[in-house]
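Structure first, then comments.
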Amino acid sequence: MTAHDTLFDIEDERDKPNEPRAVRATRTPGGLFADVVFDRPLDHAYTYAVPAELVAKIGVGKRVEVPFGKGGKATAGFCVRVTDDEPTSGYEIKTVTRVLDDDAIVDEHLMKLTRWMADYYLCGWGQVLHAVVPAGVRDNAGTRMASFVEPVPRESLPNPLPTVTPQQKAALDKLKKENRPLEILQLARLAKCTAGVVSGLIKKGLVRKFSERIETEASGAHESAESENAQGTDEARKEIELNADQLRVWKPIGEALAAGGYHPFLLHGVTGSGKTEVYLRAIEEVVKQGKEVVVLVPEISLTPQTISRFQGRCGNLAVMHSHLTDAERGGYWRRIATGHIHVVVGARSAVFAPTRKLGLIIIDEEHENSFKQESTPRYHARDVAVMRARLEGIPILMGSATPSLESWANAEKGNYTVLSMPNRVASRPMPAVKVVDLRHEPKAPGKPGAIGPTLEAAMRQTLKDKGQIILLLNRRGFSTHVHCEACGYVAQCANCDLAMTFHRTKNSLMCHYCGFETAPFQKCPTCAQPSMRYQGLGTEKLQVEIEEKFPGSVCQRMDSDTMSKPGSHQRVLDAFRDGLIQILVGTQMIAKGLDFPNVTLVGVVNADVGLHLPDFRSAERTFQLLAQVAGRAGRGTRGGQVLVQTFTPEHPCITLASHHNYNEFAKMELVHRKLHKYPPYERMARMIVRSEKEEAAAAFADVLATAFKEAIRRAMSTGRPSPEAPVRLLGPAECPVFRLNNFYRFHFQLQSDSSAVLHEVLRNVLALAKPPHGVEFQVDIDPYSML
DNA sequence: AGCACGCCGACT
DNA sequence: GTCGGCGTGCTC
């Protein structure tokens, strides 16, 4: 299912995408030609002639401006190949107008990687390059052109020497003393003269003027980029001492780093087993070798705590997070490309960091769904990282307490080396997990709430013992279901087929998919009765219940509603660490990565949220969430316990998570996946047809169905190894959320055990069936979202 | 993606 | 008789 098996599969296709269509003749002396790709869904490159004056400037990995399209409009594209083979085209060959970059902004390795992505994810190479290179790099944000002067070397001085004025003499002396090029204004300031004096020197041929692009002083990249060793916290400066488990897993990693070459590791370590120390040890080693490391973490983990652990022992660190300005991002990119950065920590897109000598890629929380990009190119950063490691011939270290089944299956096949850390550090036990059956939970006296008597008693005891509590409820808002008792009307988004959630703080009804917001109503909009009922539980209501039940304690909510401002995340976590907050309630945001030794109780308010979604991964997601949140308890010396409230206590993903039994869960779920021919045993593509006009979407879905059947028939008749059903098509069917953001959506699923066959079918269909106006056709390879 | 060429309805 | 609707296909 990962990139692992696929690169060479794809290469074996007959129609090579991304090659120019015209067949090239043998080389003819004289001309130079450039293949160019554009930020458009085009499946091949376009060949342009390079004029003599640009021959020295042109290069692979630089952007060029060329006339493109019917009107020959000036368009920017990426040069992906330079050759002197003349194309034997029937086309008129147009000419490159301009080379936009002085230096290549994409190196050879990234060129190959993006080409693979275009082929694998079925989009334009130019689209991939456009997505990979940050805007701040394309438009040189945070830099400016500057004019420098330097003394003319002795042998090139004019003869006879011109006379100079006293001010000119002073300026020249100053420049010679500095022994480096200075900006004209800089020199004028130092020599206490005007720029006119300097131009006089230029005119007389005593100094030489040249321009160069430099970073703007205010570009901001400097302060944060160069967080060098001095900045390390006390914790960071400590020597890393690995325990026995950590040393055991470190050994093969160290050997792979010493030997070099592609080597994928899956580090399976339970929560609290100290995976980070292993990462840090590996980083130190690679930096010592003079190479760079890319560390991918889920966006949500990019907190100062995480970052401070990396700071201080890894040379220069670049942290790429979503709040950077274009100029900052551009600054980092340039610093990475020029070798000034040794470690890059970032979310998904950091997998494209333009390092010079990459020595290792680390992916923390390898199983996280946020590594999958949900817009074109719809890549999975883990799979791209594996492919990058393979292309560059380096080790890759994927870590998780709950590995994705894709990675687990790869490990079982022998594609990845598994390294296990089954114990917590300092021999701390895994927390005891108690499953509370909500069907048999006695009704609490007073008004019923979300917190049953068992959980409430445990919370009281924990507060009495001065412990801290984390409560998970994976649903935002106050009431998740707003309906009329008289006529049955349900408040629904105006743009989507989804129920609205009431948010009390904002006093509005919100759609969690498209963001539509509307005022809440007292009277039913259909029957005008004052019989609206606000039901269903979200984090907002839970917080109110906690505040009523535990008036003496401070409860803080953490979800995307309360954490929208930058820094708020950090403020809350600091306050929690300092003991100013006793109860932290939130969505999955609080389930992952938090390390607070005083948390002795974790409560899961409703483990069944998300368990019954129409998605083949819902059991895996639920198991991961439960296992991860359980791991927040008992990380200190005081131990800890976990209470899981559920209506389905017998469900295996709940029982196995309560026993911290990942291996058994994986075994069971993989049997299920195999039986139903789901990934990782079969490759999957999901296609969505969407239109604002329902009939138009439905009509094109039918056209596609025919096209698919034809393409599948053809693929099967090419004599490929095709046992009974090499490719299966499901659909068209309405998406589980049929109308989203005013678009009516139909989807298909295409499954096959061969990625090559899957791609062949898709390529044929894409070439065959073009959507009409107002209809879009999206292809998602290895989909994660099935709604 | 844009943009032009191309065949069927309401206007001077 | 023309202006213009957007359907379809191409861009080196």
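The analysis underlying the following values was restricted to heavy atoms, covering all of them including side chains, and did not include hydrogens, waters or symmetry mates. So you know, we letter chains A, B, ... as the sequences are listed, proteins then strands, and number each from 1.
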What does [X] touch in the nucleic acid at a heavy-atom separation under 4.0 angstrom: a base, only the sugar-phosphate, or nothing?
X     : result
A/Y48 : sugar-phosphate
A/P87 : nothing
A/K73 : sugar-phosphate

Query raised in the report: Pick the nucleotide of DNA chain B nearest each of A/E776 and A/K70; which residue has the one closer to the 5' end?
Result: A/E776

Round to a whole Å and report the spacing from [atom1] of [X] to [atom2] of [N].
X      : N     : atom1 : atom2 : result
A/D43  : B/dA1 : CG    : C1'   : 14 Å
A/W125 : B/dA1 : CH2   : C1'   : 20 Å
A/L129 : B/dA1 : CG    : P     : 18 Å
A/F38  : B/dG2 : CZ    : P     : 13 Å

Query raised in the report: Does A/R690 make a cation-pi contact with A/F743, if we ask for NZ or CZ under 6.0 Å from the ring centre and within 45° of the axis?
Result: yes

**Report entry** Side-chain heavy-atom pair A/Y332, A/H340 within 4.5 angstrom cut-off
**Finding:** no

Query raised in the report: Near A/K112 NZ, under 6.0 Å, is it more than 12 heavy atoms from other residues, nucleotides or ligands?
Result: no

Query raised in the report: Is it the case that A/S404 and A/R382 place a side-chain donor and acceptor less than 3.5 Å from each other?
Result: yes

Query - ring-ring contact (aromatic ring centres under 6.0 Å, His included) contacts in which one or both residues fall within residues 62-113 of chain A, not counting sequence neighbours - result: A/F38-A/F68, A/Y46-A/F68

Query raised in the report: Hey, what's the ring geometry for A/F708 with A/F748, parallel, tilted or perpendicular (30° and 60° as the breaks)?
Result: tilted

Report task. Considering only heavy atoms of chain A and a distance under 4.0 Å, specify the first and last nucleotide of DNA chain C in 5' to 3' order that meet this criterion. Result -> C/dT8 to C/dC12

